[in-house]
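Predicted model, so just to flag it, every value in this text is computed and none were measured. Here is the naming used below: chain letters follow the sequence lines, and residue numbers restart at 1 for every chain.
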2 protein chains.
Amino acid sequence: MTDTAPRPTLEAVAARAGVSRATVSRVVNGGDGVRDVLVERVRKAVDELGYVPNQAARSLVTRRHDAIAVVVAEPETRVFADPFFALQLRGISKELTAHDNQLVLLLTEGRDDHARVARYLAGGHVDGALVFSLHLDDPLPELIQRAGIPTVFGGRPGWSGDRREVVYVDSDNRGGARDAVRHLAGLGRTWIAHITGALDQTSAADRLDGYRDVMVDADPRLIAEADFTPAGGERAMRELLERCPDVDAVFAANDLMASGALRVLRGSGRRVPDDVAVIGFDDMRPVAEQTDPPLTTVRQDIEEMGRLMARLLLRGLDRDAPREGVGATPSSVVLPTTLVRRGSA
Amino acid sequence: MTDTAPRPTLEAVAARAGVSRATVSRVVNGGDGVRDVLVERVRKAVDELGYVPNQAARSLVTRRHDAIAVVVAEPETRVFADPFFALQLRGISKELTAHDNQLVLLLTEGRDDHARVARYLAGGHVDGALVFSLHLDDPLPELIQRAGIPTVFGGRPGWSGDRREVVYVDSDNRGGARDAVRHLAGLGRTWIAHITGALDQTSAADRLDGYRDVMVDADPRLIAEADFTPAGGERAMRELLERCPDVDAVFAANDLMASGALRVLRGSGRRVPDDVAVIGFDDMRPVAEQTDPPLTTVRQDIEEMGRLMARLLLRGLDRDAPREGVGATPSSVVLPTTLVRRGSA
DNA sequence: CAGCGTGGTGAGAGCGCTCTCGCGTGCCGA
DNA sequence: TCGGCACGCGAGAGCGCTCTCACCACGCTG
């Protein structure tokens, strides 16, 4: 633990380079409209002095912070038990870094923490926010929307706020679910069950919808509600076996639950995929590849989702983000999913 | 995506409350030495105007940012494949939030990114840094040390820098490994093998040392070097079986590798724990509880490590962090581990 | 009653930067 | 040759805050 030394200011650089503060500022910020000689001289002085601009002073006048908040609103520890969040963060970080933005991480710690986060966001410390709010009844999205700060959501916010346009990035949960169920049907399976995720999350609801799209008049007993956890998957699988012993396929709303289901199936003496085919969702490698048999699942490009969120936000801030042709006002994006065939179906 | 409205300034609040800027400032920052009447009046004005201090302006004069950088230097995606990192982050976040500090996340993106991070840290944007640098040859710790910014490391940095005191928080990797191996020995096992982690990381090296502490004159063939991945664990286990078919216990340096080893053992027709007992390290629940049989492992309190890192750093900054009696200069902490008995040993 | 603290308040000087504005220089066409 | 017009550069005014310092009332002591 060492202490910070006094840092050189613009003034100091200017003095050393024999120019004015303004010129140094110009050079530091791109150097347009300054003769090459001077640019060179200033650069040298900057190097020699080890000058680094004071971001606080800069923000004070520009009202920009080049910082984006990433808000993770998750009451439970669950997000942390899977790499989902970390991968998104990674994508976000890459994109932000590429555009010289910092990432300020805000994790909510329980119920009353929303206010703190909202206050922070409203406080103008950051230029925008990337928000992960997975629950339908979460008050956070609305609070943030009210804070009047540019925001992009991770996953469709299941939230019936006012008509202001909400920008989000999501996977095609419904389509992916359809693909999974169709694949099972294509395998000749007829009793295709579904283990849902926590239905207060849009992803779970959408996957259920996808299942229903294909299984239009499915026996309701084929649907077991769970919560995205392995234990929940086990419980649901047991229920299903009890209710419908003839079940010959299971589509679980995520890999974790699928792994739980697999265990129960094995315990019940069923062979996978011979007796019962199983498909998960997410393609969490550490889980999906390690199950026995390896899990067939629906992959979503999680890192890309993160990257896209950041890109949309920065574009909305109309900064140096890539333009890619069209409109200035970014709109939501739904990324495709792909079915990854492994051993379980 | 909405735009930010013009925010009220100290001046505005002062005008409304009929006092001077200085007084408002005093109230906002604790309100000592101001008559209760005025405090009340100012508070009211603040509320009515929805005043939030401009952090940039404040930092400009105080030279404090109330922000801490968390640097994760991990070339591979590995950190992201496990909840380790996320849990530490959570602990860190809790502690920082409790002391009104923001968390700025810096992820390195490959080799040349160190310079960027070092520059940022040296730039005085944050008050301190929490650094995760897992590799022995990582230049980052030294760069950061040179940046002259208060730093606490996550895990013992395996780095032979100069004699300046380095503060870190680590698990008792060596002790935990000893416990694991002793437990296996206590089970009557004699051919106890070790699957190492990536030995360029201190945690792996320390766990190996712990193994050696107990198995003082172990047959070198009982040690297989791997890399913390499930695939590496599989490979190492195959090697071990080939070299020493009589192996009756395995201590893997983490749960992921243990799960790989488990699979290979099962594939080779061995029963766990009857024929071969297996112990992992980390106690990553999603992995350890889902293996077949559930994994006996060495638990470390990851979230607590994170919390402790933050606490040490804040204390070093000598701010409102808890004092807990003693010295102002914080020193490294090594947290104890505990053996968690499940089915595999 | 003069003198002197003492606690509450306001005035004002910056913190380090950006950005507008205006001035000086060199170069063009008339 | 001279007026104009770029263009390059510097002076200076803030951005919103903190913090020192001087000021003013008190109430106290000598």
Length of the [atom1]-[atom2] vector between [X] and [N], whole Å:
| X | N | atom1 | atom2 | result |
| --- | --- | --- | --- | --- |
| Asn29(A) | dC19(C) | CG | P | 7 Å |
| Arg41(B) | dG8(C) | CZ | P | 15 Å |
| Gln55(B) | dC17(D) | CD | P | 10 Å |
| Asp36(A) | dG8(D) | CG | C1' | 12 Å |
| Arg35(B) | dT9(C) | CZ | C1' | 9 Å |
| Asp66(A) | dC17(C) | CG | C1' | 14 Å |

**OP:** List the atom of Leu60(B), the atom of Ala56(A), and the distance in Å for their closest heavy-atom pair.
**Re:** N-CB, 4.0 Å
Original post:
Where do Asp170(B) and Met305(B) come nearest, in terms of heavy atoms and distance?
Top reply: CA-CE, 3.8 Å
Original post:
Counting only side-chain N and O atoms of Thr23(A), is one of them less than 4.0 Å from OP1 or OP2 of dC9(D)?
Top reply: no
Subject >> Side-chain N,O (Ser25(A)) to OP1/OP2 (dT18(C)) below 4.0 Å >> reply: yes
Heavy-atom check, side chain of [X] versus side chain of [Y], under 4.5 Å:
| X | Y | value |
| --- | --- | --- |
| Pro150(B) | Leu313(B) | yes |
| Ile68(B) | Val126(B) | no |
| Leu106(A) | Gln102(B) | yes |
| Leu96(A) | Leu314(A) | yes |

Subject >> Derivation of the side chain to side chain contact (heavy atoms under 4.5 Å, CB included) call for Thr9(A) and Asn54(A) >> reply: CA-CA 8 Å; Thr9(A) 72; Asn54(A) 180 321; over 6 Å; no
Could you pull out the protein-nucleic contacts involving nucleotides 12-16 of chain C (nitrogen or oxygen on both sides, under 3.5 Å)?
from	atom 1	to	atom 2	distance (Å)
dA13(C)	N6	Arg21(B)	NH2	3.0
dC15(C)	O3'	Arg63(B)	NH2	2.6
dG16(C)	OP1	Arg63(B)	NH2	2.3
dG16(C)	N2	Ala57(A)	O	3.4

Original post:
Among Thr151(A), Leu140(A), Ile149(A), whose side-chain contact (heavy atoms from CB on, under 4.5 Å) with Leu121(A) holds?
Top reply: Ile149(A)
**OP:** State whether the distance check finds a donor on one side and an acceptor on the other, under 3.5 Å, for side chain Arg26(A) versus base dG10(D).
**Re:** yes
Original post:
Hey, is the main chain of Gln55(A) close enough, under 3.5 Å, to the side chain of Ser59(A) for a donor-acceptor pair?
Top reply: yes
Subject >> Side chain of Thr62(B) (C-beta onward), nearest among dT18(D), dT18(C), dG10(C) >> reply: dT18(D)
**OP:** Just need the stems in DNA chain D: three or more back-to-back Watson-Crick or G-U pairs, each with both distances under 3.5 angstrom, sorted by first number.
**Re:** C:1-30 with D:1-30
